[in-house]
Amino acid sequence: MKTIINKKSIGVWLPNKLFKNLENKLNNYNESKVKPKLDLGTSAYLLNLLFHIPLNSNEKYEDGWIPICSKPYKNLKYFKQYMEFLVDSDCIIEHDTNYSNVSNSCKRYKLKGLFFKQQINYLLVSGESIFIDNVEKNKIDRMTKADSKCNHLTKWLKPELLTIDYKNALSHIIKNYSKPNDLRKKNKRLHSIKSIKNKDWSYSREGKDDRLHTILTSLPKDLRRYTKYNNEELVSLDIKNSQPFIYSAILNQINKTNPDFNLMNSFINDYYNTNNYNNKLYISTMSDHRNNNIDTNGLESFINQVLGGTFYETYADILYKESILYVNANEEHLFPEPIIKRFGTYKSYKVFETKRKAAKYIMLKTLFSSEKCNHTINKLFEKHYPEVYRISQIIKKGKKKNFFPILLQNIEANCILDHCTRIISKNYPEMPLFTIHDSIITTSSYRITLENEFIRLLGKYFGLNPSLASERWSQQLGKVG
C-alpha cells in the first residue's frame, strides 16, 4: 500500500541560488538508495534558520556561527539526518567544538562558501504537513505564552492593520544599500518589509531578557517612516540613555541613607531572592552594597548626566580625548576593537555614523563586561567614573556571565511591559500600544496623552524622571546603520 503524504507550503528565507543548489542536492540524495528519504520543505526550513535567526535577533553573529537548538524540533523525525545532509551537501559547516549534551548549549552552524554573501528571497516551499503543522504549533505556543503575560499589548499585534509602503520602502533599500558591504543590512530590511507585506510574522515573550519581541522590535529605524497602523501615523517615546538610566536609578537608591521602597526596588528584591538565576545562582540583595563607603559626588555627577540625556555625548568627548575613538576622512567614528581568533588577536575597526552611537557601544560593552575583564575601555571608565565602575563590579562579583545586562533588561521589561503599558491600557483602552524594549509606540492622536502618562509612571517606578525622546515615524529620515 502506498502512503500519500499530505503537503503544505511553508515560507522560507533563502538566496535563490542556494535554494536551487539545495533542491538539486536533495534530488540526488533521494534518488540514491540512502535512507531515510528527506523532504525539500523541511530541508529548506532548517537551512533558512541560518538567515532567519540573525535577521530576527539583535545579536550580531559577526563570526557567522548561528546556534540551532534541537529542542524545538524534538517531534521532527530524522532531525539529525537532515542536519547531517545539509553539512554533507556543502550547504553548511558544523562547528568543531559543540558541547550541547554537556553544556546544554545549542550546536552552531555556518553557511559554507559565499552563500552568506547573496541576497535573500522569500520562498513558499511545499513540505510535509506534519512538520509544517509542528512549526506552526510552536509559533502559536510562543504567541499564546506572550498573550498570557501581556495581552494588553499583544491584542494590538494584528498583521492586517500593520502596513508598509512597500514600493517606496523597497526603492529606499535599493538606493541606500547597494554596496557589497551593505548586504547584511539590505537583507535585514528586505526581510522586514516583505514580512509586513506578506503578513507573515509573529511575536513572543520568552528568554532571559523577558522582553516582548515583535516585527517592530526588529524593524530598522530607517524603515519606520513607511509603516502605519490602521492607516495612522505612528509615534514613539523612548527613554534616553535607557540602560545607563536604569543603572542610575539603582545607584540613586544605593546612594540614599534611607532608600525608597519603590516599584523598581520591589522588583529587584523579588528578582534577587526568588529568581535563582537558572536555579544555580543565589543573589544577595542590594542592601548588601549600602554598607560600603560611597563617593556620593561621583555618583551624583554620573546620575545627572544620564538624567539630562547627555551622558553618551559627554563620554564620547572623553573617548576622543583619551584616543579611544578616531574620525576618518568620511567623518565616520572608528573604534579599534581587538578580535580574538584561534591563532592570535588582531584589531578590527568598528565603524559608527555618529559619536553618540560609538560612545553607547563602548559604554555598554564596558558596563556589561565580565567582572575580570581588564580591557583598556574598562580602565578608562574606572578612571573617569570610579565609584560607578566599582559598584558595577560589586553587582557582577561571583555572578554568571551576562548577569548584569539581563538584570537591567528584566527591570526594563517589568517597567515597560508590566507596569507602564498595563496601567495606560487600563486607563485608555482605545489607545493602540506597542513597545520596542525601552520605547512605547502609539498612533499620533494619542501622543500627548502617552507622553504625560509615561513620564508620570516612570517617575513612580524608578523614583527618578528620565529624559524622553519623541519621534514621529513619518519624519524618520536618512540611512541608518
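Residue indices begin at 1 and follow the sequence shown. Excluded from the calculations below are hydrogen atoms, water molecules and symmetry mates; all remaining heavy atoms, backbone and side chain alike, are included. Bear in mind the structure is a predicted one, so any value in this text is a computation, not a measurement.
The aromatic rings of His172 and Tyr226 sit tilted relative to each other, their planes meeting at an angle between 30° and 60°. Using cut-offs of 30° and 60° for the angle between ring planes, the Tyr247 and Phe404 rings count as perpendicular. Using cut-offs of 30° and 60° for the angle between ring planes, the Trp13 and His191 rings count as tilted.
Between Asp147 and Arg205 no salt bridge is recorded (no basic side-chain N to carboxylate O distance below 4.0 Å). Using a cut-off of 4.0 Å between Lys/Arg side-chain N and Asp/Glu carboxylate O, Asp418 and Arg422 are scored as salt-bridged. Note on Arg224 versus Glu471: salt bridge recorded, some NZ/NE/NH1/NH2 to OD/OE distance being below 4.0 Å. Here Arg211 pairs with Glu412 in a salt bridge; the nearest charged N to carboxylate O distance falls below 4.0 Å. A salt bridge links Lys149 with Asp210; the closest basic N to acidic carboxylate O contact falls under 4.0 Å.
Within the 4.5 Å cutoff, the side chain of Arg225 has no heavy atoms near those of the Trp473 side chain. Side-chain contact check for Lys155 versus Ser425: some heavy-atom pair is nearer than 4.5 Å. Inter-residue side-chain proximity for Leu14 and Gln118 is flagged as unmet; no heavy-atom pair is nearer than 4.5 Å. With a 4.5 Å cut-off on side-chain heavy atoms, Leu157 and Phe434 count as touching. Residues Leu86 and Leu22 have side chains in contact (heavy-atom distance under 4.5 Å, counting atoms from C-beta outward). Between Ile215 and Ile196, some side-chain heavy-atom pair lies under the 4.5 Å cut-off. Counting heavy atoms from C-beta outward, Leu49 and Ile66 have side chains that stay 4.5 Å or more apart. Side-chain contact between Ile68 and Arg108: absent, with no pair of heavy atoms (C-beta onward) separated by less than 4.5 Å.
Contact record, Ile416 with Ile239: CD1-CD1, 4.3 Å, taken as the closest heavy-atom pair. Counting all heavy atoms, side chain and backbone alike, Leu457 lies closest to His419 at O-NE2, 3.4 Å. Leu237 and Ser470 get closest at one heavy-atom pair: CD2-CB, 3.6 Å.
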Stepwise side chain to side chain donor-acceptor pair (under 3.5 Å) check, Glu233 with Ser474: CA-CA 7 Å; Glu233 176 191 17; Ser474 64; 2.5 Å; yes

Tyr82/Tyr78 under ring pair (Phe, Tyr, Trp, His ring centres under 6.0 Å): CA gap, chis, key distance, verdict: CA-CA 6 Å; Tyr82 273 106; Tyr78 307 129; 7.5 Å; no

Candidate pair His152 and Thr421, rule side chain to side chain donor-acceptor pair (under 3.5 Å), full reasoning: CA-CA 8 Å; His152 64 286; Thr421 55; 3.0 Å; yes

Derivation and outcome, side chain to side chain donor-acceptor pair (under 3.5 Å), residues Asn168 and Asp165: CA-CA 6 Å; Asn168 285 322; Asp165 182 351; 2.7 Å; yes

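Residue pairs meeting the salt bridge (charged side-chain N to carboxylate O under 4.0 Å, His left out) criterion with at least one member in residues 76-86, sequence neighbours excluded, do not occur.
Two rings, from Phe267 and Tyr461, have their centers 6.0 Å or more apart. Checked against the 6.0 Å centroid criterion, the rings of Phe245 and Phe462 qualify as a close aromatic pair.
Looking at Ser467, its side chain does come within 3.5 Å of a backbone N or O of Leu307 through a donor-acceptor pair. Judged by distance alone, with hydrogens and angles left aside, the side-chain atoms of Asp39 form a donor-acceptor pair with the main-chain N or O of Thr42 at under 3.5 Å. Listed for the Thr214 side chain is a donor-acceptor partner under 3.5 Å among the backbone atoms of Leu216.
Checked against salt bridge (Lys or Arg N to Asp or Glu O under 4.0 Å), Asp133 has the following partners two or more places apart in sequence or in another chain: Lys8. Applying the side-chain hydrogen bond (donor to acceptor under 3.5 Å, both in side chains) rule to Lys194 yields the partners Asn121; only residues at least two apart in sequence or on another chain are considered. For the side-chain contact (heavy atoms from CB on, under 4.5 Å) test, residues two or more places apart in sequence or in another chain that qualify with Lys110 are Trp65.
The side-chain tip of Arg142 does not point at the ring of Tyr203 from less than 6.0 angstrom away and within 45° of straight on. Lys357 forms no cation-pi arrangement with Phe352, by the criterion of a distance under 6.0 Å to the ring centre and an angle within 45° of the ring axis.
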Can you give each donor-acceptor pair under 3.5 Å made by side-chain atoms of residues 359-370, sequence neighbours left out, with the distance rounded to 0.1 Å?
unit_1: Tyr361; atom_1: OH; unit_2: Glu337; atom_2: OE1; d: 3.0
unit_1: Tyr361; atom_1: OH; unit_2: Glu337; atom_2: OE2; d: 2.7
unit_1: Lys365; atom_1: NZ; unit_2: Glu337; atom_2: OE2; d: 2.8
unit_1: Thr366; atom_1: OG1; unit_2: Ile362; atom_2: O; d: 2.7
unit_1: Ser369; atom_1: OG; unit_2: Thr366; atom_2: O; d: 2.8
unit_1: Ser369; atom_1: OG; unit_2: Asn378; atom_2: ND2; d: 2.7
unit_1: Ser370; atom_1: OG; unit_2: Cys373; atom_2: N; d: 3.4

Mind listing the side-chain donor-acceptor pairs of residues 439-454 below 3.5 Å, one per line with the distance, residues two or more places apart or on another chain?
unit_1: Thr442; atom_1: OG1; unit_2: Pro432; atom_2: O; d: 2.7
unit_1: Tyr446; atom_1: OH; unit_2: Glu430; atom_2: O; d: 3.4
unit_1: Arg447; atom_1: NH1; unit_2: Glu451; atom_2: OE1; d: 3.2
unit_1: Asn452; atom_1: ND2; unit_2: Ile448; atom_2: O; d: 3.4
unit_1: Glu453; atom_1: OE1; unit_2: Arg456; atom_2: NH2; d: 3.0

